[in-house]
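The structure under discussion appears below in the form of C-alpha cells.
In what follows, chains carry the letters A, B, and so on, assigned in the order in which the sequence lines appear, proteins first and then strands, with residues in each chain numbered from 1. None of the values given here were measured: they were computed from a predicted structure. Heavy atoms only: backbone and side chains are in, while hydrogens, waters and symmetry mates are out.
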Protein chains: 2
Amino acid sequence: MHKEKMQIKNEKIAIPNLQKIFEATFKLSNTHGFQGMSLRDLSKETGISMGGLYSYIGSKNDLASVIEGVQRKYIEQVLDGILKEKLAPKESLRAIIFSEIYMMEIMSSWYYFCFMELKGLSKEQQNFALDNELRGEEIIMGIIKDGIEAKQFICEHPELLASQVVAQLQQWHLKQWKFKLRGVNTEEYASYVYSSLLTCLSAEIN
Amino acid sequence: MHKEKMQIKNEKIAIPNLQKIFEATFKLSNTHGFQGMSLRDLSKETGISMGGLYSYIGSKNDLASVIEGVQRKYIEQVLDGILKEKLAPKESLRAIIFSEIYMMEIMSSWYYFCFMELKGLSKEQQNFALDNELRGEEIIMGIIKDGIEAKQFICEHPELLASQVVAQLQQWHLKQWKFKLRGVNTEEYASYVYSSLLTCLSAEIN
DNA sequence: GTCTATAGTGCGATAGAC
DNA sequence: GTCTATCGCACTATAGAC
C-alpha cells in the first residue's frame, strides 16, 4: 500500500525495515505518545539513521497517517467479508464479535495506536475513523433490529445495546493489561461478550 | 490543592486565571494532544503571557500532573461517600453508576484529559490511575458477588460483568460526540447501563 | 502580578559523501 | 541504500523591567 510513496525500491530490504519502523513507533508511542516520540528516538530504536528513515517515510506525520491507512483498509476487508456471507442474525453477531476480537488480538498495537493518536491525524482521516465507528455500531444495530422484526430478539434500546457491544470490543485493545492481569484469554472474552449480548436480547444461549 | 506550589498569592486573581489555564489546556489537548500543545499556544488561548504562565505552573509537565491529581482526589471523595452509605447491592450499583456518570458529565474534560494523556505522566501517577481503575472494577465486582451470595443475583462471570459496566461508564466521556449525535442524554444513558446490568444479573428491574 | 526579551536546547528535515 | 553533518526553527524556561 505504501509502495508508491517510498524511495527504497528493493522489497527485500524495504519490507523488513518498514516493519521495524512500525514496531518501534508502536513501542515508543505507547510510552511517550506519538507527539512525544522524536525521530532521534525512532532512529535509535530501529537502528536506522535519521537520514535513512526519510527514505521510508515522507515526514513524521506521514508515518502516523500511513499506519492509520493500512489499519483502516484491513478492517474494511474483514468486515465486508463477513457481511457478504449473509448469515442469520445470531450467527452474524457472533461472527462480528469473534472476528473483531481476534483481529484486535493480531493487530492490537495498530488498534491502540490509531485510537490514541487519532487527534494527530488530518481532519480527513479523523472523519474516516469516526465514520467507521458509527458504521460498525450501525451494522450491529441493524442486525439487532432485523432479529427483533424476525421475533428472535426482544430489546428496548437497540442503539444503546449496540454501543454496549462496541464499548466491550474496544476494551479488548484499550485495556489488554487488565485482562492479562485477570487471566482472561481471547476466546473467553469473545464468548462472554457474545453471551452477554444474547442475554440482553432475551435470546437463548445455545 | 495546588495552592502551595503557586507564586500568585491573591486568590481572587489566581483562581480565575488557573481556571482559564485548565480550560485552555483541555481545549488544546483535545485537538493537538498535550505533547502537541506548545506553551505559546496556551499563552495565546488564555491571554496570559509565556512568563505569566510560569507563575501559575512549575513546568509544562507539572500542569498535566496537577490536573491528574485534582481529578483523582475528586473521584476518591465521591466514591468513598457512596461506600460509606452501606446500601443494599442493587441500590449500591445504582448509586455508583448514576454518580459516576453524572460526575463525568460535570468533569468530562478532566476525565478525557486524564485518560488520553496518562502516558505523559510520571510512572507513579500512571500506577495510581491503573490502580484506581482496578479498584473501581473490584468494588462493582464485590457488590455483584455480595448480591449473588444473598441470592439476589445470578451471574456466571462477575469479573467480566464488572468490566462490562466499567467499559460502558468510560464510553460516556470517551465518546460524548457519539451520544450527542444520537441524542442520548445523561439520564437515559445511566438508566440504560443500570437496567442492562440488572438484566445480566437476571434480576428484576423495579 | 504581568510583561518582553532572550538564553539554551532539541527538534524535523535535507544535502551530499560513500 | 545508508550514513554523517548541519541548517534553521520552535520549543521550554528564565531573567529582569515595569
Side-chain angles (χ1 to χ4, degrees), chain A residues 2-25 27-29 31-68 113 117 119-122, chain B residues 2-25 27-29 31-67 117 119-122:
Chain A
H2 184 45
K3 214 173 190 173
E4 55 211 21
K5 292 184 202 158
M6 285 212 335
Q7 287 174 35
I8 316 293
K9 295 305 171 196
N10 182 343
E11 292 193 6
K12 287 195 179 160
I13 295 174
I15 290 176
N17 273 339
L18 253 189
Q19 226 152 29
K20 253 197 259 173
I21 292 173
F22 288 155
E23 267 159 37
T25 303
K27 181 178 169 188
L28 295 169
S29 298
T31 50
H32 311 100
F34 182 71
Q35 300 279 2
M37 168 192 87
S38 76
L39 292 188
R40 284 174 172 80
D41 295 337
L42 190 61
S43 166
K44 263 188 209 158
E45 183 72 29
T46 54
I48 301 168
S49 68
M50 289 279 293
L53 284 176
Y54 276 88
S55 20
Y56 292 90
I57 57 171
S59 70
K60 192 186 173 188
N61 283 336
D62 176 54
L63 172 57
S65 173
V66 167
I67 291 173
E68 194 277 340
F113 180 89
E117 309 300 342
K119 286 195 254 302
L121 301 170
S122 69
Chain B
H2 184 43
K3 214 172 188 173
E4 55 212 22
K5 292 184 201 159
M6 284 211 333
Q7 287 174 35
I8 316 291
K9 294 305 172 196
N10 181 342
E11 291 194 6
K12 288 196 178 159
I13 295 174
I15 291 176
N17 273 340
L18 252 188
Q19 224 153 29
K20 253 198 258 174
I21 292 172
F22 287 155
E23 268 159 37
T25 303
K27 182 178 168 187
L28 293 169
S29 297
T31 50
H32 311 100
F34 182 72
Q35 300 280 3
M37 168 192 88
S38 74
L39 292 188
R40 282 177 170 80
D41 295 338
L42 190 61
S43 166
K44 263 188 207 161
E45 185 72 27
T46 53
I48 301 167
S49 70
M50 290 278 294
L53 284 177
Y54 276 89
S55 19
Y56 291 90
I57 59 171
S59 71
K60 192 187 174 188
N61 282 338
D62 176 54
L63 172 56
S65 173
V66 167
I67 291 173
E117 309 300 343
K119 282 195 255 304
L121 301 170
S122 69

Could you give the [atom1]-to-[atom2] distance, from [X] to [N], as a whole number of Å?
{"X": "A:N10", "N": "D:dT2", "atom1": "CG", "atom2": "C1'", "value": "13 Å"}
{"X": "B:F34", "N": "D:dC11", "atom1": "CZ", "atom2": "C1'", "value": "13 Å"}
{"X": "B:I57", "N": "C:dG1", "atom1": "CD1", "atom2": "C1'", "value": "16 Å"}
{"X": "B:L53", "N": "C:dT2", "atom1": "CG", "atom2": "C1'", "value": "11 Å"}
{"X": "A:I48", "N": "D:dG1", "atom1": "CD1", "atom2": "P", "value": "13 Å"}
{"X": "A:L63", "N": "C:dC11", "atom1": "CG", "atom2": "P", "value": "16 Å"}

Are the side chain of [X] and the backbone N or O of [Y] linked by a donor-acceptor pair below 3.5 Å?
{"X": "A:T46", "Y": "A:L42", "value": "yes"}
{"X": "B:S43", "Y": "B:L39", "value": "no"}
{"X": "A:H32", "Y": "A:S38", "value": "no"}

- Begin from the C-alpha positions of B:V66 and B:K5 and carry the test side chain to side chain contact (heavy atoms under 4.5 Å, CB included) through to its verdict. CA-CA 10 Å; B:V66 167; B:K5 292 184 201 159; 4.3 Å; yes

Under 3.5 Å donor-acceptor pairs involving side-chain atoms of residues 6-14 of chain B, not counting sequence neighbours:
residue	atom	partner	partner atom	Å
B:K9	NZ	B:M6	O	2.7
B:N10	OD1	B:K12	N	2.9
B:E11	OE2	B:K3	NZ	2.8

- Query: ring-ring contact (aromatic ring centres under 6.0 Å, His included) with B:F22: which residues, sequence neighbours excluded?
  - Reply: B:W110

- Query: For DNA chain C, what residues of residues 11-19 of chain A have any heavy atom nearer than 4.0 Å?
  - Reply: none

Please produce a list of atom pairs where a protein N or O lies less than 3.5 Å from an N or O of nucleotides 12-14 of chain D.
residue	atom	partner	partner atom	Å
D:dT12	OP1	B:L39	N	3.4
D:dT12	OP1	B:K60	NZ	3.4
D:dT12	OP2	B:L39	N	2.8
D:dA13	OP2	B:Y54	OH	2.5
D:dA13	OP2	B:K60	N	2.9
D:dA13	O5'	B:Y54	OH	3.2

- Query: Which pairs with one or both residues in residues 49-63 of chain A pass salt bridge (Lys or Arg N to Asp or Glu O under 4.0 Å), sequence neighbours excluded?
  - Reply: none

- Query: Applying salt bridge (Lys or Arg N to Asp or Glu O under 4.0 Å), which residue pairs with at least one partner in residues 44-53 of chain A are found, sequence neighbours left out?
  - Reply: A:K27-A:E45

